[in-house]
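Down below is the structure, laid out as structure tokens.
Every heavy atom of this structure was used, including side-chain atoms; hydrogens, water molecules and symmetry mates were not. Chain identifiers are assigned alphabetically (A, B, ...) following the order of the sequence lines, protein sequences preceding nucleic acid strands; residue numbering begins at 1 within each chain.
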Protein chains: 4
Amino acid sequence: MGNGSSPLLNPRKLPRQERSIATVDAIFEATIQVLSSDGLIGLNTTRVSRRAGVSVGTLYQYYPNKQALLFAMLERHLAVLAAAIERACDENLNARAEELAEAVVKAYLQAQMAQAEVSPALYRISLELDARALIDMATRRSVKAVGAALSSASDAQFADPDLVAQTLTAALYGMVPAFCHRVLAPADGREAEKQLIIEFRSYLGAHQSEVSGS
Amino acid sequence: MGNGSSPLLNPRKLPRQERSIATVDAIFEATIQVLSSDGLIGLNTTRVSRRAGVSVGTLYQYYPNKQALLFAMLERHLAVLAAAIERACDENLNARAEELAEAVVKAYLQAQMAQAEVSPALYRISLELDARALIDMATRRSVKAVGAALSSASDAQFADPDLVAQTLTAALYGMVPAFCHRVLAPADGREAEKQLIIEFRSYLGAHQSEVSGS
Amino acid sequence: MGNGSSPLLNPRKLPRQERSIATVDAIFEATIQVLSSDGLIGLNTTRVSRRAGVSVGTLYQYYPNKQALLFAMLERHLAVLAAAIERACDENLNARAEELAEAVVKAYLQAQMAQAEVSPALYRISLELDARALIDMATRRSVKAVGAALSSASDAQFADPDLVAQTLTAALYGMVPAFCHRVLAPADGREAEKQLIIEFRSYLGAHQSEVSGS
Amino acid sequence: MGNGSSPLLNPRKLPRQERSIATVDAIFEATIQVLSSDGLIGLNTTRVSRRAGVSVGTLYQYYPNKQALLFAMLERHLAVLAAAIERACDENLNARAEELAEAVVKAYLQAQMAQAEVSPALYRISLELDARALIDMATRRSVKAVGAALSSASDAQFADPDLVAQTLTAALYGMVPAFCHRVLAPADGREAEKQLIIEFRSYLGAHQSEVSGS
DNA sequence: GATGAATGAGTGTTCATTCAT
DNA sequence: GATGAATGAACACTCATTCAT
């Protein structure tokens with residue numbers, strides 16, 4: 001639990017040939033490149049396959065259609081985000097609520113920034129496609145991890161840790177679009193992190209009741 | 001003849017103008033309908049014009065191209081949101097910070113819910129098109145209004161009201177996509193509002209310094 | 001004969017109202033302007049009527065369709081050219097063949113240059129539409145005039161003046177396209193005229209047999 | 001493997017290449033057919049592709065747009081004309097000026113007649129599109145060849161062979177439109193050739209100064 | 001398995017023409 | 001007569017997907 005056993009990251013069907021692996025990787029990488037250089041609108045199967053150095057036919061051998069290709073991108077992106085949050089939570093079990101808040105925010109923003117080139121495009125995909133199932137899975141993982149960490153907090157107790165975890169997760173995931181929409185300029189990244197941490201800490205403060213013997 | 005007759009009041013032109021207005025309205029309404037029933041991908045000029053009960057050519061007489069049509073949608077949506085926030089701020093000048101937080105959150109969510117059908121699609125538009133200018137305008141309006149209201153708060157003083165206003169606005173505008181992503185199920189609307197208000201209040205609390213003579 | 005009684009220049013059906021005349025003129029002028037500023041491809045009835053300051057409907061009251069409008073343009077252009085040649089011939093009845101050649105070439109090129117802005121576009125029209133009848137009429141007028149002048153030449157006699165006239169006319173009318181195609185650069189205009197005169201003179205020389213008692 | 005295998009000789013690719021070549025040829029041929037049966041106005045990509053027995057998409061795989069397709073037609077046409085003139089000049093180096101005139105006229109008219117079906121349409125293209133570069137290239141080739149041949153003429157010397165070559169080329173290329181305009185009826189073809197030769201010969205005669213030792 | 005030529009339904013957009021006012 | 005809103009057929013062009021080689 002919480003160790004990232006999503007089917008997405010768990011390669012159940014390992015491509016048997018090395019060539020296959022190389023091909024899939026090339027396509028994957030090419031998709032990201034095309035996505036960040038041409039955007040979602042400029043992405044088409046021909047362009048991706050050309051950039052990957054394979055033929056369209058080959059692309060279709062690994063992904064049944066364009067949608068599947070995009071789903072795979074989103075899937076991996078969400079898995080990375082969820083894993084980052086989970087790791088932050090795991091490392092802060094039994095820590096103080098304030099520390100947890102900070103760690104989670106930092107982990108999330110860092111993961112997001114690492115994929116800054118593509119995340120707007122991926123966000124677009126998630127609106128375009130019916131990606132509810134994918135997102136549900138990722139957020140459920142995050143909510144669960146955050147909830148568990150909150151429950152274990154050394155200095156506080158929460159009446160409804162899951163509700164709090166859900167709100168925090170929503171606020172967190174909501175920040176990406178804020179960046180995409182440029183409500184927050186990318187230059188403000190540092191400041192945004194600080195403010196987001198304050199937001200989380202004070203929100204947690206409003207919910208927690210001190211642990212007596214602390 | 002003989003009267004000043006601004007072209008707008010010229011009685012001979014009225015029937016045509018009325019027709020034009022009716023047509024524009026029909027197209028506008030049709031676009032919203034198509035947007036919420038078929039999504040952004042399923043929206044095409046043929047479909048919109050058919051739903052509006054006019055010919056494609058007519059659509060193009062009022063909107064030079066598809067993009068302009070979508071821009072107009074987004075523009076109106078953002079204007080409604082910004083206006084709602086401004087009104088809430090105006091009505092809470094000199095109020096207590098907590099009341100302001102609550103009023104702004106409620107106003108925003110209410111405006112958003114009123115257009116719930118289309119707003120996901122509109123957010124997609126804002127990513128697809130280069131709508132930065134439009135969004136900048138709307139958020140600047142909101143940030144300004146919130147900043148002014150914070151500065152006038154009867155019970156508190158903020159070191160940097162604009163920074164706080166910016167963060168709150170970002171968090172607010174960011175919530176919509178969170179809803180779109182269904183991180184928060186729509187059924188949780190009531191609860192989401194409550195939590196968001198708590199978040200805002202406590203965040204403001206973390207930033208304010210008591211007004212001495214309070 | 002030879003005095004320009006083509007139906008084109010002869011206004012058999014005079015518009016009765018002054019307003020009508022003004023409107024027709026405005027449309028005509030607007031068409032020329034649009035033709036030279038936007039080219040034949042950029043010409044459409046809306047643009048012409050707007051430039052003429054009337055509505056499309058009005059345009060269609062005077063010209064049953066776009067083709068008719070363009071025909072009218074070509075018609076007038078050809079009539080002007082034919083008239084210029086006819087005048088040159090009339091003024092050189094009984095002159096020497098060399099003088100005639102020079103006068104005709106100069107008259108033609110001058111008329112052409114005066115309408116240089118539109119003539120490429122008009123030339124295009126003549127290729128686009130089935131303008132054979134129009135062109136036949138204009139060239140027949142020219143051939144006739146040139147033939148008559150040649151027959152009256154004071155210093156020479158031609159075995160087949162009509163054949164010579166026809167060849168010269170063809171060469172003359174053929175020069176326009178040469179200009180349009182930029183086989184001859186417009187800067188060479190002066191030189192082109194000189195060479196064309198030489199061509200005509202020597203061609204006439206090759207055909208004529210000296211009049212004995214001259 | 002193991003062999004140098006330029007991609008052009010790769011036997012596995014040959015069938016595909018043959019298919020491509022056949023397709024391009026079919027499109028080319030279809031374009032000419034449509035051009036001569038429906039004219040430039042009646043030519044559209046659907047019609048061409050249907051006549052070629054391929055889909056529109058295929059057409060666009062070989063020509064990026066309609067304009068490129070038409071350019072290709074014009075290019076080939078002009079290349080054929082220029083080549084015909086060059087050959088005539090090459091074969092008449094050191095010949096007498098009169099013979100050269102005759103050979104060039106005959107070569108040009110023959111090449112033109114061979115493509116009589118399309119040449120009017122192609123001339124339209126050259127006016128519609130900005131084909132100056134294409135035409136410049138073709139005429140420069142012709143002017144150069146004619147100029148060289150004139151300079152080598154066994155019986156005459158020209159003060160400015162290039163100017164003469166340019167004028168002749170312009171007159172030559174200008175004749176086609178004259179045919180298009182039907183100033184010269186096609187039935188007169190034979191007679192036109194005769195007259196044109198006379199024209200050229202006498203024009204050359206007017207420019208040449210006898211070679212002393214002739 | 002790999003290739004890439006071929007497909008064709010679908011989309012945005014234009015514009016000559018009509019006709020109710 | 002004048003107006004200009006409305007029409008809709010027509011066109012250029014795209015791209016996900018297939019399949020013969």
Exercise. Contact class for C/Ser49 (heavy atom, under 4.0 Å): base, sugar-phosphate, or nothing?
Worked result: nothing
[X] [atom1] - [N] [atom2] separation (whole Å):
X: D/Tyr60; N: F/dC11; atom1: OH; atom2: P; result: 12 Å
X: B/Ile21; N: F/dA6; atom1: CD1; atom2: P; result: 11 Å
X: A/Asn44; N: F/dC13; atom1: CG; atom2: C1'; result: 13 Å
X: D/Arg50; N: E/dG8; atom1: CZ; atom2: P; result: 12 Å
X: B/Tyr62; N: E/dG12; atom1: OH; atom2: P; result: 20 Å
X: B/Gln61; N: F/dG8; atom1: CD; atom2: P; result: 14 Å
X: C/Lys66; N: F/dA10; atom1: NZ; atom2: P; result: 16 Å
X: A/Leu59; N: F/dT18; atom1: CG; atom2: P; result: 13 Å

Just N and O in the side chain of [X]: are any of them under 4.0 Å from OP1 or OP2 of [N]?
X: C/Thr58; N: F/dT3; value: yes
X: B/Ser55; N: F/dA6; value: no
X: A/Thr45; N: F/dA16; value: yes

Exercise. Does atom CZ of B/Arg50 have more than 12 heavy-atom neighbours, drawn from other residues, nucleotides or ligands, at distances under 6.0 Å?
Worked result: no
For this session: Name the residue closer to the 5' end of DNA chain F, choosing between B/Gly57 and A/Gln67 according to the nucleotide with the nearest heavy atom.
Result: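 Nearest-nucleotide comparison on DNA chain F picks B/Gly57.
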Exercise. Want to settle it: does D/Thr46 or B/Gly53 sit nearer the 5' end of DNA chain F, counting the closest nucleotide to each?
Worked result: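 Upstream on the strand: B/Gly53.
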Going by atom types alone, do [X] and [Y] pair a side-chain donor with an acceptor below 3.5 Å?
X: C/Thr23; Y: C/Ser20; value: no
X: C/Tyr60; Y: C/Ser49; value: no
X: B/Arg51; Y: B/Ser37; value: yes

For this session: Find which nucleotide of DNA chain E each of C/Ile41 and B/Arg47 is nearest to by heavy atoms, and output the residue with the more 5' nucleotide.
Result: B/Arg47
Exercise. Closest nucleotide of DNA chain E for B/Val56 versus for A/Thr23: which of these residues is on the 5' side?
Worked result: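 The 5'-side residue here is A/Thr23.
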Seminar exercise, completed: pair_partner(E/dT21), Watson-Crick or wobble, both distances < 3.5 Å, evaluates to F/dA2
Problem set entry | Which atom of C/Leu74 lies closest to which atom of C/Ile125, heavy atoms considered | CD2-CG2, 4.3 Å
